[in-house]
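Let me begin by presenting the structure, written as structure tokens, before commenting on it.
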Amino acid sequence: MQNIIFLEPVFKTMIWGGNKLQTEFGYSIPGDNTGECWAISAHKNGDCEIRNGEYHGKTLSWLWDNHRELFGYASGEVFPLLVKIIDAKTDLSIQVHPDDTYAKEQENGALGKTECWYILDCDEDGEIVIGHNAKDKEQLADMIHQNRWKELIRVCPIKKGDFFQIDPGTVHAIKKGTMILETQQNSDITYRLYDYDRLDHGKPRELHIDKSIDVIRCPHIDSKTNGVSSQNENCDIDELVSCDYYTVKHVQLHGEQEFSMTEKFLSISVIGGCGEIDGVPLKKGDHFILPNGYGTYCLKGEMELILSHI
Ligand code: ZN
């Protein structure tokens, strides 16, 4: 049997970051403006090290390059998923991502970006930016060029446990007081549409207006989420989304439950509580991969988990 692969997160300091990755998740963070925890990542800007076993100290990208059998010989130049926890103390700039076709042509062969957000925590009157109110490209361009941001940007109320799929071309941003778990394609291509006219070191941050107008889908349509859910005495499983790039599930465990793995590999994040997997202790903030061929596994405890696979 293969070993569980535990990962060491990489932290990113951001002007909009806070300290909840320490206070809520118990991580040792680099400072009081830590915005992102790259929890399951083989991206060159934050490549997680393996925390245990025979590959201890190697990176996830190294494992992907040298031991593809652990991932069921899945194809692709890079490990396909990127799981982050984000703590926004202030509003993030409003962004949009290209799809694979646009990114390949315009960004030197890069991948596009599809991502999804599970709301871990938010303020009581929490809000999120998802979509826009322009009916077509022409109106979109007009509203942008005339700075009619309030009219253009669509803001929705949120609560803990909400989930959003963000397909390429979707205008999106998290707002202050929000913590999310993000599952995404392994890519970093982002176009900044609007930054609330803020200044960073005395000047506005660069915007990418033309590329944003190119890729924003008009009109905005909310992406379909929520698949099959199953419940039994010890475990509630909700499929949050299944798209071309990933399937993401939410699991609430209360007791003991056996699972058999059918996926090529499985990425798991503990987002609440504690317990164990096959006798190995788990706590909130742990992230690991069950490699190909791991087989049957048993989870035990009071735990909330996010599972993702390709
Ligand atoms: Zn994004």
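Ligands are counted one by one from 1 in listed order, and the atoms in each one are counted from 1 as well.
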Exercise. For Y55 and N52, does a side-chain donor sit closer than 3.5 Å to a side-chain acceptor?
Worked result: no

Problem set entry | Salt bridge flag under 4.0 Å for residues D195 and R205 | yes

Seminar exercise, completed: The protein N, O or S atoms lying under 2.8 Å from the Zn ion (ligand 1) are H97 NE2, E115 OE1, E115 OE2, H172 NE2

Exercise. If you measure from the Lys or Arg side-chain nitrogens to the Asp or Glu carboxylate oxygens, is any gap between D87 and K176 under 4.0 Å?
Worked result: no

Exercise. If you measure from the Lys or Arg side-chain nitrogens to the Asp or Glu carboxylate oxygens, is any gap between E36 and K84 under 4.0 Å?
Worked result: yes

Exercise. Using a distance-only test with no angle check, is there a side-chain donor-acceptor pair under 3.5 angstrom linking Q185 and D100?
Worked result: yes

Problem set entry | Check: H287 ring centroid to F6 ring centroid under 6.0 Å | no

